[in-house]
Peer 1: 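Okay, here's the structure, questions in a sec.
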Amino acid sequence: MESTLKIYNTLTRQKETFEPVNPPHVGLYVCGPTVYSDVHLGNVRSFLSFDVVYRYLRFSGYKVRYVRNITDVGHLVDDADSGEDKIAKKARLEALEPMEIVQKYTNGFHEVMRIFNILPPSIEPTATGHIIEQIDMVQKIIAAGYGYEVDGSVYFDVRKFSKDHPYGKLSGRNIDDLKANTRELDGQSDKRDSLDFAIWKRAEKGHIMRWPSPWGDGFPGWHLECSAMSTKYLGKEFDIHGGGMDLKFPHHECEIAQNVGATGKSGPRIWMHGNMLTVTGRKMSKSEGNGFTPEELITGNHKLLEQGYSPMTVRFFMLQCHYGSTLDFSNEALRAAEKGYARLMEAIQTAGKAEASNSSTVDIDKLRTDCQAAMDDDFNTPVLISVLFEAAKTANLIKSGQEKATSADLEKLIQLFEDYAFEVLGFSTEKSVDSADSTLTPGLMDLIINLRKSAKLSKDYATADQIRQQLTALGIEIKDTPEGTDYKIN
RNA sequence: GGUCGCGUGGCCGAGUGGCUAGGCAGAGGUCUGCAAAACCUCGUACAGCGGUUCGAAUCCGCUCGCGACCUCCA
């Protein structure tokens with residue numbers, strides 16, 4: 001397969017032509033959620049970005065194994081090593097079993113993914129399900145000389161590692177700067193050096209989540225799971241690793257060090273980082289408390305929200321921005337997206353109703369080429385959407401007879417929308433599907449429209465307008481066109 | 001403080017040496033009994049100051065403003 005896809009690689013800071021390690025297979029790993037609280041919009045943006053990456057790779061003919069983990073252990077609540085496991089803490093607060101917390105928020109996460117039409121990954125491994133693999137990796141790191149045990153905990157020796165291998169390349173740091181700027185934290189006395197990070201942590205008494213290990217009861221370090229699971233399912237060398245920009249350092253930097261330390265290989269060839277969602281210029285984050293749950297977004301029940309927005313409106317809104325740029329949330333922008341999305345979907349419906357001609361005045365192939373070029377250029381969804389709007393305009397012009405298309409061209413146009421709007425961008429039509437009414441409604445609407453038509457023909461505009469008004473009140477929009485009357489249920 | 005990034009028309013947001021991004025809002029027009037929808041036309045924007053160049057929003061330098069990471073975060 002000849003690749004025309006270019007991807008911006010954070011590691012090299014440039015766009016690179018995508019060449020899979022083992023074509024036509026592609027290994028894609030994305031850092032998943034920590035399931036100790038509800039996902040917020042910023043999380044959704046990240047998973048959405050990589051959903052489109054996954055979709056486009058598949059669409060381009062690759063056989064993609066997409067691994068997105070569930071972090072159900074290992075992140076600490078407070079400062080690094082002195083803290084208590086986030087999930088364990090939440091469990092105590094809510095008087096639940098840790099795994100009950102994990103299940104609850106995992107379910108919630110899946111529901112949110114479903115609502116936003118984000119595809120499930122090929123494998124969704126959990127950290128707790130890969131303790132053995134993680135212990136194994138710790139042992140390999142120790143054997144390679146980059147790990148040391150202190151009193152039941154194992155740390156990664158960053159300084160020693162950096163003598164043999166580059167450390168900090170991904171995030172553009174050098175260890176001397178880091179050293180100078182590292183905060184001195186309580187409870188770090190076990191470490192030989194403040195740059196070092198835990199890969200296995202001793203469980204104190206009362207710590208609920210614990211597993212036996214060669215170093216006593218404990219739990220895996222925060223960065224280890226991704227290294228262990230990506231290696232297990234995608235190999236020592238694979239294609240793409242994605243995640244949020246905020247994971248670049250230290251999380252991804254540590255992952256690389258662990259990979260090299262344990263396997264001799266650095267893991268992914270390409271690192272992709274999605275940028276942050278901001279609210280009035282500030283990063284939306286859990287700690288800032290400026291995010292919304294998806295439910296609040298959809299219902300509009302949040303102080304920052306002037307109204308609710310449908311999941312597809314949000315999806316469209318986010319994809320109108322490149323994944324690598326920050327995207328600022330605002331009601332005004334979301335409302336603009338709502339209208340734009342509706343117009344696009346409307347035009348796609350229109351394409352299906354257009355009449356074919358004997359000849360064409362439109363160039364659908366050009367549109368398709370443009371769509372591909374947009375996505376090939378580092379998944380440039382905003383440009384793709386702009387091309388889809390051109391296609392939408394084309395559809396409208398064909399329908400109104402200002403342009404002509406053969407039936408073959410109409411087919412191509414419909415297929416273009418099918419491919420790029422639905423399959424690649426993952427939009428879906430949100431019409432309220434009420435199966436019982438779905439056959440009745442068109443008949444009723446024809447009846448009503450014909451009544452109004454009769455009224456209009458007899459110049460009884462009062463009646464005609466009344467019908468229109470009352471339909472509008474019911475959420476049905478009447479559209480008079482030169483070809484007749486159409487309607488749209490909002 | 002260290003490292004990195006950003007600043008585009010009323011709003012959102014692509015582009016990154018010369019060729020219309022696109023959406024929303026606004027103005028005018030076509031169509032219509034009217035309205036809506038659809039379509040057409042329109043704004044001639046790139047933080048500021050210098051420099052490189054035949055030519056810069058796009059490259060370089062400086063200034064101002066904003067942000068991210070350096071601590072769990074997508």
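Every chain is numbered from 1, with letters handed out A, B, ... down the list of sequences. The structure presented is a predicted model; accordingly, all values stated were derived computationally and were not measured.
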Peer 1: Contact class for Ser400(A) vs. all strands (heavy atom < 4.0 Å): base, sugar-phosphate, or nothing?
Peer 2: nothing
Peer 1: So Lys393(A), base contact, sugar-phosphate only, or nothing? Heavy-atom distance under 4.0 Å.
Peer 2: sugar-phosphate
Peer 1: With respect to Tyr323(A), which candidate in Val52(A), Val53(A), Asp378(A) satisfies the side-chain contact (heavy atoms from CB on, under 4.5 Å) definition?
Peer 2: Asp378(A)
Peer 1: Stacking here means centres under 5.5 Å and planes under 30°; does Tyr461(A) stack on G33(B)?
Peer 2: yes
Peer 1: Over all strands shown, is His40(A) touching base, sugar-phosphate only, or nothing at heavy-atom distances under 4.0 angstrom?
Peer 2: base
Peer 1: Verify side-chain contact (heavy atoms from CB on, under 4.5 Å) between Arg173(A) and Tyr167(A), making sure each step is shown before the conclusion.
Peer 2: CA-CA 8 Å; Arg173(A) 281 153 223 261; Tyr167(A) 178 84; over 6 Å; no
Peer 1: Looking at Phe197(A) versus His223(A), is the centre-to-centre ring distance below 6.0 Å?
Peer 2: yes
Peer 1: Measuring only the C1' atom in each nucleotide, how far is A27(B) from C64(B)? A whole number of Å is fine.
Peer 2: 35 Å
Peer 1: Base of A36(B), side chain of Arg468(A) - is there a donor-acceptor contact under 3.5 Å?
Peer 2: no
Peer 1: Check whether any side-chain nitrogen or oxygen of Lys339(A) sits under 4.0 Å from OP1 or OP2 of A25(B), and answer yes or no.
Peer 2: yes
Peer 1: What contact category does Leu327(A) fall into here, base, sugar-phosphate, or nothing, at under 4.0 angstrom with non-hydrogen atoms?
Peer 2: sugar-phosphate
Peer 1: Report yes or no: is there a donor-acceptor pair, N or O only, under 3.5 Å between the side chain of Asp465(A) and the base of G33(B)?
Peer 2: yes
Peer 1: Base of A37(B), side chain of Asp486(A) - is there a donor-acceptor contact under 3.5 Å?
Peer 2: no
Peer 1: So Gly32(A), base contact, sugar-phosphate only, or nothing? Heavy-atom distance under 4.0 Å.
Peer 2: sugar-phosphate
Peer 1: How is Arg335(A) classified with respect to the nucleic acid when contacts are heavy atoms under 4.0 Å: base, sugar-phosphate, or nothing?
Peer 2: nothing
Peer 1: Select base, sugar-phosphate, or nothing to describe what Asp480(A) touches, counting heavy atoms under 4.0 Å on all strands.
Peer 2: base
Peer 1: Scan Arg173(A) against the nucleic acid and name what it touches under 4.0 Å (heavy atoms): base, sugar-phosphate only, or nothing.
Peer 2: base
Peer 1: Base, sugar-phosphate or nothing for Asn275(A)? Non-hydrogen atoms, less than 4.0 Å.
Peer 2: base
